[in-house]
Amino acid sequence: MKHTIFHIDVNSAYLSWEATYRINTQVSCIDLRTIPSIIGGDESKRHGIVLAKSIPAKKYGIKTGESLFSARQKCPSLVIVPPNYKLFMQCSNAMVDIFKEYFPLVERYSVDECFLDYTNMSHHFGSPISFAHHLKDKIQKELGFTVNIGISNNKLLAKMASDFEKPNKIHTLFPNEIQEKMWPLPVRDLFMVGRASNAKLIKLGIYTIGELANSDPELLYAHFKSHGYLIHAYANGIATSIVKPCSPEAKGIGNSTTISFDVTDSRTAKLILLSLTETVCMRLRDSDMIAKMVSVSIKSHDFISLSHQMQLTESTDITNDIYKAICTLFDEAWNKEPIRHLGIRVSSLSSKTNTQLSLFDFDKHEKYTALDESIDKIRLRYGNTSIIRASFLHSGLRPLNGGMPEENYPIMSSLL
DNA sequence: TCTGGGGTCCTAGGACCC
DNA sequence: TCTGGGGTCCTAGGACCC
């Protein structure tokens with residue numbers, strides 16, 4: 001059966017959302033989307049990269065991911081605004097709520113992208129193109145920002161289509177349009193061809209998606225292993241993934257941070273690791289999961305990364321137990337190079353309910369579980385900084401680091 | 001590169017077993 | 001030790017996405 005799939009992509013999401021917010025709250029009468037502007041981090045904290053850009057900023061050659069320093073060199077009058085992730089989540093939720101008015105099934109691919117399955121909906125809502133216009137215009141009218149919508153028979157082609165001309169546009173990329181609309185594009189534009197694959201393909205003399213589509217899959221396998229078969233199929237518009245009812249359960253939970261200075265002593269490093277462990281464990285408990293695998297990653301002053309991982313003897317969600325493992329891993333892994341970035345991650349997750357506990361650890365387990373529970377409650381009620389570990393006092397370091405469990409933000413319409 | 005933070009998946013190589 | 005051939009599991013690193 002032929003499916004009809006939509007891919008919705010918010011145009012310059014972070015920037016559009018901030019612009020919409022500023023207009024609606026009269027913070028400023030200037031629409032950020034109409035001037036060279038970007039959403040970016042704080043250079044003094046070494047978080048200085050471009051997260052999103054306006055179309056006028058793009059005209060200066062500014063790219064997502066580049067340093068603020070180089071962006072400002074390209075455009076000295078550039079307006080730089082810090083990210084407001086709570087706002088972004090509200091805007092994303094508001095958009096998903098609109099989709100749910102029509103679609104029983106919304107796949108949230110990222111904060112600013114969704115897949116929808118329009119198969120068999122034409123007799124209710126009209127042709128895919130006319131309904132896509134209705135959807136796009138409704139979002140703009142009710143929420144104030146624009147989206148691109150890509151339409152095809154599978155997710156890959158719908159996603160490629162939404163990436164064509166922007167903003168506020170609807171494109172189709174049905175199989176009979178592949179040759180004309182997709183094959184002339186540079187191979188780098190294909191989903192799953194990143195920097196490394198692009199460089200290797202260029203060396204093989206493959207420059208366009210069409211050339212990739214028509215190259216020998218065995219040659220690709222020789223250079224890319226299974227990834228070669230994947231990008232060959234994608235270049236031919238072949239993909240089998242279906243729109244999923246909801247996001248599958250997470251495989252792991254991690255937080256990481258770039259530190260505003262180079263860390264050269266293990267005491268400071270471990271305090272930062274503790275601040276990351278606190279937030280990761282809060283998220284873990286929030287999701288009612290326990291973890292068996294723990295890993296630490298370190299990025300040095302000269303951008304060399306290393307990682308180290310271990311299995312715990314038993315799955316847990318106890319901050320103290322996970323932190324102990326983190327410290328062991330750090331001591332084993334650190335080569336004394338100055339540290340720029342630290343990360344921790346837990347994985348091999350299982351559901352907390354109906355898990356057996358060894359009798360041996362029962363008392364200790366009870367004690368720490370009760371402790372974590374109380375701390376989580378106090379933080380939920382009085383704020384995340386209301387209770388912190390004594391070791392952070394006078395340290396000048398943040399006691400919690402990285403994303404927190406999702407709070408219940410008011411939906412956007414009530415905010416505007 | 002004055003180069004973020006959250007993820008997923010794949011693979012090479014080593015340990016270990018028979 | 002002038003040492004075979006599978007299989008499985010684990011780890012570190014790297015690729016990709018937003």
Side-chain angles (χ1 to χ4, degrees), chain A residues 7-10 12-14 38-52 62-74 82-83 85 88-89 92 107-115 155-156 159-160 162-163 188-201 221 223-231 234 241 244 247-260 276 279-280 283 292-311 329 332-333 340-349 401-406:
Chain A
H7 180 256
I8 291 84
D9 191 332
V10 179
S12 318
Y14 287 180
I38 58 166
I39 303 296
D42 180 344
E43 276 169 301
S44 70
K45 292 179 181 157
R46 306 204 289 193
H47 290 207
I49 65 153
V50 177
L51 298 163
I62 291 167
K63 297 194 177 90
T64 302
E66 82 175 310
S67 68
L68 296 190
F69 178 85
S70 101
R72 213 184 290 104
Q73 282 200 320
K74 290 174 181 174
Y85 293 105
F88 301 159
M89 193 47 76
S92 175
E107 179 175 342
R108 222 168 163 157
Y109 184 72
S110 73
V111 72
D112 70 322
E113 289 179 41
C114 286
F115 288 102
K155 281 161 60 172
L156 183 263
K159 184 163 167 55
M160 291 301 295
S162 70
D163 209 32
R188 180 66 229 254
D189 288 1
L190 184 66
F191 181 66
M192 279 296 171
V193 174
R195 218 170 38 143
S197 298
N198 182 241
K200 279 166 80 176
L201 287 166
Y221 184 82
H223 288 89
F224 298 89
K225 292 294 160 78
S226 66
H227 194 66
Y229 289 146
L230 181 83
I231 59 179
Y234 281 2
S241 166
K244 291 178 201 88
S247 53
E249 60 279 11
K251 301 267 166 63
I253 297 174
N255 279 151
S256 64
T257 187
T258 294
I259 306 135
S260 54
L276 292 163
T279 52
V280 165
R283 291 171 61 197
K292 195 151 171 55
M293 181 71 79
V294 178
S295 60
V296 166
S297 59
I298 303 170
K299 182 150 62 180
S300 72
H301 169 79
D302 37 2
F303 282 83
I304 294 164
S305 299
L306 61 94
S307 66
H308 196 31
Q309 69 181 54
M310 73 187 275
Q311 286 239 357
L329 289 167
E332 285 171 5
R340 176 189 177 88
H341 173 107
L342 284 168
I344 82 145
R345 166 162 214 85
V346 297
S347 51
S348 300
L349 305 183
N401 224 323
M404 308 295 163
E406 202 51 54

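In this text, all values refer to a predicted model and were calculated from it rather than measured experimentally. Letters A, B, ... are given to chains in the order of the sequence lines, protein chains preceding strands, and every chain is numbered from 1.
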Self-check item: Atom-pair distance (CD1 on A:I253; P on B:dG6), nearest Å
Solution: 12 Å
Exercise. Compare side-chain N and O positions of A:S307 against OP1 and OP2 of C:dG13 and report whether any pair is under 4.0 Å apart.
Key: yes
Exercise. Answer with base, sugar-phosphate or nothing: what part of the nucleic acid does A:R340 contact at a heavy-atom distance below 4.0 Å?
Key: sugar-phosphate
Quiz item: Can you list the steps and then say if A:R72 with A:S67 is a side-chain hydrogen bond (donor to acceptor under 3.5 Å, both in side chains)?
Solution: CA-CA 9 Å; A:R72 213 184 290 104; A:S67 68; over 6 Å; no
Quiz item: Does the side chain of A:H47 get closer than 4.0 angstrom to OP1 or OP2 of B:dG5 through an N or O atom?
Solution: yes
Practice problem: Map A:F224 and A:S256 onto DNA chain B by nearest heavy atom, then report which one ends up closer to the 5' terminus. | Solution: A:S256
Quiz prompt | Side chain A:E66, main chain A:K63, donor-acceptor under 3.5 Å | solution = yes
Quiz prompt | Nearest-angstrom distance, P atom, C:dC18 to B:dT3 | solution = 23 Å
Practice problem: Round to the nearest Å and state the distance from A:K200 atom NZ to B:dT11 atom P. | Solution: 11 Å
Self-check item: Sugar-phosphate only, base, or nothing, as touched by A:S295 at under 4.0 Å among non-hydrogen atoms
Solution: nothing
Exercise. Give one of base, sugar-phosphate or nothing for A:E43, where a contact means two heavy atoms less than 4.0 Å apart.
Key: nothing
Practice problem: Using whole Å, report how far CG of A:D189 lies from C1' of C:dC18. | Solution: 16 Å
Quiz item: According to the 5.5 Å centroid and 30° plane-angle thresholds, does A:F69 stack upon the nucleobase of B:dT1?
Solution: no
Practice problem: Would you indicate what A:G41 reaches in the nucleic acid, counting non-hydrogen atoms under 4.0 angstrom: base, sugar-phosphate, or nothing? | Solution: nothing
Practice problem: To the nearest Å, give me how far apart CG (A:L51) and C1' (B:dG5) are. | Solution: 9 Å
Self-check item: Proximity to the side chain of A:M192 - top-ranked nucleotide from C:dC18, B:dC2, C:dC16
Solution: C:dC16
Quiz item: Just wondering, do A:V111 and A:Y14 contact through their side chains at under 4.5 Å, heavy atoms?
Solution: yes
Practice problem: With the side chain of A:I49 defined as its heavy atoms from C-beta on, choose the nearest nucleotide among C:dC16, C:dC18, B:dG4. | Solution: B:dG4
Quiz item: Does a side-chain N or O from A:T258 land closer than 4.0 Å to OP1 or OP2 of B:dT3, or not?
Solution: no
Quiz item: Starting at the 5' end of DNA chain B and moving along, which residue's nearest nucleotide shows up first, A:G65 or A:G402?
Solution: A:G65
Quiz item: What nucleic acid atoms does A:V193 come within less than 4.0 Å of, heavy atoms only: base, sugar-phosphate, or nothing?
Solution: sugar-phosphate
Quiz item: Do we get A:K159 above A:F115's six-membered ring, with its NZ or CZ under 6.0 Å from the centre and within 45° of the axis?
Solution: no
Quiz prompt | Identity of whatever pairs with B:dC17 - Watson-Crick or G-U, under 3.5 angstrom | solution = C:dG6
Self-check item: Out of C:dT11, C:dC17, B:dG6, whichever nucleotide has its closest atom nearest the side chain of A:F191
Solution: C:dC17
Quiz item: Roughly how many Å is it from NE2 in A:H301 to C1' in B:dC2, rounded to a whole number?
Solution: 12 Å
Quiz prompt | A:R345 versus A:S307, side-chain donor and acceptor atoms under 3.5 Å | solution = no
Exercise. Using a cut-off of strictly less than 4.0 Å, decide whether A:N255 has a side-chain nitrogen or oxygen near OP1 or OP2 of B:dG6.
Key: yes
Quiz item: With a cut-off of 6.0 Å (strictly less than), are more than 12 heavy atoms of other residues, nucleotides or ligands near CD of A:E249?
Solution: no
Exercise. Pick base, sugar-phosphate or nothing for A:S197, based on heavy-atom distances below 4.0 Å to the nucleic acid.
Key: sugar-phosphate
Practice problem: Ignoring backbone atoms, test whether A:K251 places a side-chain nitrogen or oxygen under 4.0 Å from the OP1 or OP2 oxygen of B:dC9. | Solution: yes
Practice problem: Grab the CG-P distance between A:L329 and C:dG13 for me, whole Å please. | Solution: 13 Å
Self-check item: Sugar-phosphate, base or nothing in reach of A:A13, heavy atoms under 4.0 Å
Solution: nothing
Practice problem: Give the nucleotide from the list C:dA15, B:dT3, B:dT11 with an atom nearest to the side chain of A:A196. | Solution: C:dA15
Practice problem: Determine: side-chain N/O of A:S226 to OP1/OP2 of B:dT11, distance under 4.0 Å, yes or no. | Solution: yes
Exercise. Could you label the plane-to-plane angle of the A:Y85 and A:F88 rings as parallel, tilted or perpendicular, counting under 30° as parallel and over 60° as perpendicular?
Key: perpendicular
Practice problem: Classify the side-chain pair A:S241/A:K155 by whether it contains a donor and acceptor separated by less than 3.5 Å. | Solution: yes
Exercise. Write down the distance between NZ (A:K63) and P (B:dG4), rounded to a whole number of angstrom.
Key: 18 Å
Quiz item: Nearest to the side chain of A:R345, which nucleotide is it out of C:dC17, B:dT8, C:dA12?
Solution: B:dT8
Practice problem: Compare the minimum distances between each of C:dC16, C:dC18, B:dG5 and the side chain of A:H341, then state the nucleotide with the smallest one. | Solution: B:dG5
Quiz item: Does A:K159 put a side-chain nitrogen or oxygen below 4.0 Å from OP1 or OP2 of C:dC18?
Solution: yes
Quiz item: Is A:G343 touching bases, backbone alone, or none of the nucleic acid, heavy atoms closer than 4.0 Å?
Solution: nothing
Quiz item: How many Å lie between NE2 on A:H227 and P on C:dC16, as a whole number?
Solution: 6 Å
